[in-house]
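Counting from 1, the numbers follow the sequence of the chain as shown. Ligands are counted one by one from 1 in listed order, and the atoms in each one are counted from 1 as well.
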Amino acid sequence: MTRSLATLRDGFLNSAERWPDHPALQLGATTLTYGELQRRALSIATTLQWVDRDAAGPARTAVLGHRDTAAFEGILGALCRGHGYVPLDPLVPVARSRAMLRRSGARSVIVEAGAVPMLDELLTESPWGLTVLAPAEPSTALDGLRARLPDHRFLGVEDLLLPDAWQPTPVEPDAEAYLLFTSGSTGLPKGVRVSHRNVTSFLDAVAARYAPGPEDRFSHTFDLTFDLSVFDLFLAWQAGACVCCPTATEKAVPARYIRSAGLTVWFSVPSTAVMMSKLRMLEPGAFGGLRHALFCGEGLPVEVARRFAAAAPGAVLENLYGPTELTVACTVHRWDPLVSPAQSELGLVPIGEPYPGMTARVVDERLRDVPDGSTGELLLTGPQRTLGYLDDPERTAAAFVTLDGASELFYRTGDRVRRLPGGPLVYLGRSDHQVKIKGYRVELGEIEMVLREVSGSDVAVALAWPRSESGADGVVGFVGHGAEDPEVVRRRAAARLPSYMQPREVRVVDEWPLNANGKVDRGRLLERLIQERADQERAASEPLARAESGAERAVAS
Ligand code: AMP
């Protein structure tokens, strides 16, 4: 029986007390026990407490790290300080992270050693002085930064305070646990504010469902800027389990990693399973050690679920669904090979039922309930409904609305669903231009804004292409005639966007196809891509067909 947590750090701290010598984190050849990770986190927390004596600002600390122990220590350190954490990814263009850091208002940032060279650019023209903690860097290695950026304070490993001086400060359940930026349709990423109450409600639901224990070994496939990572870290740590974070090389061959790391809980976007299926990694019985095989973030293709379930015969396989605004995941469907395929629509596994405490409604454009069996937009409310968008009351009011007969706010997911009569909710797509690219949430409007800016074209369109079984694998951009050279546009856009949002190709359109309202007809642009692909496939198969029929003739004669 798991206890309900008051705040996000409590599960980790309880486990560190109970199982100090148990592995908490495995990253490549490095393993940190709960005791070690706690000492490092509390050293950061104590230092932040000391720094905060003379810093005024919101209770937030940014963490710049990617698959590095400093990032995990930093997240726990920020939470133990009583701050919400703001994850930033060093693999994302610095200007983007700088904008997020600035909007978060954070006065301190914890940085992995590999990201230290980015600091000049990250901190440039900051309106306030920041304290940078680089827990893996010798203090002298930061001397150059101290000289160049005298308005900021740089603390290396010897400058951090001892963990014993940590004083737990009380944290309110409605305080922010993390602030996560998601792609925004008008060009600016949106900061979603998630409270401790939101995330501990989510953890209660999944802890009751999966009953993890100290012998479990959780996969950690997600970037820290993707909220699905919260499941891996905090569900594992509240159970005394180990978070197994593959290195980039290990991540490329997930089937081998599942076995070599002895994973018992697998959680990834369906795209990873699609890739594993294509590369024939889903051999029946391949993952005998898995107890749970969980997917979330985009549509889960039925065929892939079937194959993964055969590869992990001892595992319960589930399809989780949820937007960041409803804290990680809020509905779930347990795969049953006898029942689920018949309940699937568009070849995707149903998204199931809301978690206990969450309420779902399916409504039409005027926010009136539609009967079971009809398509509508999915809205949800409950303890996982987050605090809304950072400094954006307008967008918050548009997305969090009241419905007839209910006093609480519901979040409009923008997802089109249908409740099968007497059965689960099924996912039917989006009602806007939000797409999933390899599981990452992308507003095409954000890419279009960048394309307009870097090309000088008044009109730009981004399409998710090529399509995959679960979403899309990439982006193709279109700009108007007379714009910059398309390759230059592509490169400039790439410098401003994270890799999964970068157009693979930019095309110049002489005359935009228009729809009846005079707007650019995106459907027709997509049709062109589909047609082109079909022509290419036909052209590629013709020589083969000719060769085959030639061979047949040769055999016949
Ligand atoms: P994010 O905020 O990045 O978690 O993205 C949330 C969006 O991902 C949802 O609004 C859906 O469009 C999509 N999504 C998440 N889980 C699923 C799922 N199991 N099936 C289909 N779409 C999903």
Side-chain angles (χ1 to χ4, degrees), residues 87 89 178-185 189-194 198-199 202 221-232 267-274 293-302 304-305 308 317-335 340 343-355 358 360 362 377-380 384-386 388-389 395 399 410-418 424-444 446 464 467-472 498 500-501:
D89 190 339
Y178 56 90
L179 171 72
L180 231 149
F181 286 91
T182 71
S183 181
S185 54
K190 298 181 282 199
V192 182
R193 301 176 55 228
V194 183
N198 296 150
V199 66
F202 165 73
T221 65
F222 304 106
D223 298 343
L224 295 167
T225 46
F226 194 174
D227 72 339
L228 301 183
S229 62
V230 168
F231 173 99
D232 308 338
F267 189 29
S268 76
V269 287
S271 284
T272 307
V274 170
L294 310 175
F295 299 95
C296 187
E298 57 185 343
L300 175 62
V302 172
V304 173
F308 207 105
L317 188 145
E318 291 194 335
N319 181 28
L320 285 66
Y321 156 92
T324 308
E325 288 85 341
L326 292 165
T327 317
V328 190
C330 55
T331 80
V332 60
H333 173 83
R334 184 160 292 187
W335 168 258
S340 306
Q343 295 177 325
S344 301
E345 300 227 357
L346 306 176
L348 299 176
V349 176
I351 57 170
E353 299 301 332
Y355 286 166
M358 297 299 288
V362 183
E377 182 183 349
L378 179 61
L379 276 69
L380 286 119
Q384 291 178 223
R385 190 200 65 229
T386 55
Y389 302 118
R395 278 211 212 158
F410 279 71
Y411 173 67
R412 295 189 68 163
T413 65
D415 288 315
R416 290 172 50 249
V417 300
R418 180 182 9 248
L425 291 163
V426 292
Y427 177 81
L428 301 171
R430 294 286 307 170
S431 52
D432 57 14
H433 298 317
Q434 182 182 300
V435 294
K436 281 289 178 141
I437 300 186
K438 295 192 180 131
Y440 291 97
R441 169 169 161 179
V442 171
E443 290 285 356
L444 291 170
E446 189 177 343
R467 299 280 161 112
S468 71
E469 282 173 85
S470 52
Y500 55 89
M501 291 174 80

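Checked against a 6.0 Å centroid threshold, the rings of Phe222 and Phe231 do not count as neighbours.
With Thr331 as the fixed residue, the side chain to side chain contact (heavy atoms under 4.5 Å, CB included) test singles out one of Asn319, Leu326, Leu380: Leu380.
Looking at residues two or more places apart in sequence or on another chain, you find a salt bridge (Lys or Arg N to Asp or Glu O under 4.0 Å) between Asp415 and Arg430.
With a 4.5 Å cut-off on side-chain heavy atoms, His333 and Ser340 count as touching. Using a 4.5 Å cut-off on side-chain heavy atoms (C-beta onward), Phe267 and Leu320 make contact.
Salt bridge status for Glu443 with Arg395: absent, with no side-chain N to carboxylate O gap under 4.0 Å.
Protein residues with a heavy atom under 4.0 Å from ligand 1 are Phe226, Gly297, Glu298, Gly299, Asn319, Leu320, Tyr321, Gly322, Pro323, Thr324, Ile351, Asp415, Tyr427, Arg430, Gln434, Lys436, Arg441.
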